[in-house]
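Below is one structure, written out as structure tokens; comments come after it.
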Amino acid sequence: MRKKLKLLSALLLGSMLLVSACSNSDINSNKEAESSNGEVTELTVAFPIFSALPKDMSLIEGAVNEIAQEKINVKVKLIPISFSNWMQQTNLMFSGGEQLDLMPSIYNYSQSVLQGQLIPLDDLIEKHGQGITEALDPAYLDASRVNGIIYGVPTLHEMAVVNGISMREDILDKYQIDTSKLESLEDLEDILKTIKAGEPNMTPIIPSTVGASILNNYKTYDDLNNTIGVLPNYDNNLKVVNLYETDEYAEQLKMLRRWYQEGLILQDASTNQANPIDLIDSKRGFSYLISAHPAALTGTAVSGGVEKKVETFSQPPVSTTSQITNTMWGITVNSKSPDKAMEFLNLMYSDKDIANLLIWGIEGKHYEVKSGNIIDFPKGVDAQSSGYYMNMGWLFGNQFLAYIWNGTDPELWEKVKEFNASATKSKALGFTFDPSMVKTEVAAIGNVITQYALPLETGSVDPDNILPKFIASLKAAGVDKVIAEKQKQLDEWAQKQK
């Protein structure tokens, strides 16, 4: 126990220890009492990184602690973990009872909740989260509720996406192709045929990533946390359907099969291991579908000396639960000081200095302000030599507080805010499916989807022959049971919203 507990009577100490063994809510109350004296509270904050460990991480930690100690009497230990080891290492921390106060859930928020790794935050947000509630649209916080309870706080980024496509701009210019009036996937066909005729060695459309289908980033439905039961047009009067039995899916497969046979799709798309950017830059590919947002839509992206233009289809941007909860910060069950953890989390969403330290590093060492809110490397520093250049603003709470890197649209944050505000909200926004009642079926269905979806959605096989087998296998694996359970939960959720 902390030294401050020595100030309490032996009787109170014994009762606190007894109560601490009983319930999480009582634990939280006791931990709050523990941090009530003048001692500095030490927190452990873990997060994934996608590159090498920044050599100046300890300097960032020290600078963050200067602010955190002054403002909330807290010191943090930053624990960056390679993304490839993230799940394994954090699970070991949980099972070993190691101190872990704050961590993000990335594309596995509902799983983290169901595994009991995160604690409820409603009361903590009310007490210590004023900066969080001021920064976030209430709908975004509500979207994080699981069975009515908030377990995580969404990071501020694009809270919606719109279907789009990334294309080589030089080829668009060469053939004077107008892409401004794209309404649906079908409208791409003439463009792809033009590319095929003029550039026979360049595949008109390729998958967006290794192991993905052509349809990977093109959706006209809310996937309701997974694609086993979806909500067409983000509404459908909250009627859940089997995506793979819909007429739209069947028609898309027929079109993709035709494109494949005409050479418009990468011929080894279902087995390709080449990075799509490399295929585009080396003139082997022309385009791929993307989930677009303002960062992708502002200006022209350049890699390998090749400029790419992003165009969106005419559907409006849409917010779904999955989009909002893809990156969530939560306080873990291992936390020894939940109240102080929430106070620090609140700083991540409200304190500009904390935000810029975590996102960009130390001014004068890792960046310098060029003008206004635009920053760049200091003289003699670049991405390779910098001691802190992770370019992961989307991870650290409220990136709208952060500077914008030179070369990026200076108005990006305002455009993202406008984009978020303009988005259509799925009728199921805020619903989170709990698959625990049908986990055996979900696992079996996942294996079936892995077997059939990729070859079908790259046009590699004949849907007239394979789609019926796919659907039959889904039914044998229990898809109707899963959809019925999802419908039941969605109906119950909808009833509570009234």
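Fair warning: this is a prediction, and the values are worked out from it, not measured in the lab.
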Given side chains that start at C-beta, do those of V230 and K219 come closer than 4.5 Å, heavy atoms only?
-> no
Closest non-hydrogen contact found for S335 with P338 is OG-N, 3.5 Å
Aromatic plane relationship, Y244 with F470 - under 30° parallel, 30 to 60° tilted, over 60° perpendicular | tilted
Salt bridge E199-K174, side-chain N to carboxylate O under 4.0 Å = yes
Taking only residues two or more places apart in sequence or in another chain, which ones pass salt bridge (charged side-chain N to carboxylate O under 4.0 Å, His left out) with K439?
-> none
Between Q497 (side chain) and W493 (backbone), is there a donor-acceptor pair under 3.5 Å?
-> yes
Is the closest side-chain heavy-atom distance between Q252 and Y218 below 4.5 Å?
-> yes
Have S436 and D434 got a donor and an acceptor in their side chains that come within less than 3.5 Å?
-> yes
Looking only at side chains, do E457 and Y249 share a donor and an acceptor under 3.5 Å apart?
-> yes
Do Y151 and Y109 have ring centroids that are under 6.0 Å from one another?
-> no
Between N334 and Q117, does any side-chain donor sit less than 3.5 Å from a side-chain acceptor?
-> no
Please examine the side chains of M348 and V153, heavy atoms only from C-beta on, and report whether any two atoms are closer than 4.5 Å.
-> no
Residues two or more places apart in sequence or in another chain: which of them pass salt bridge (charged side-chain N to carboxylate O under 4.0 Å, His left out) with R257?
-> none
Salt bridge flag under 4.0 Å for residues E492 and K488 = yes
Hey, what's the ring geometry for W360 with W405, parallel, tilted or perpendicular (30° and 60° as the breaks)?
-> tilted
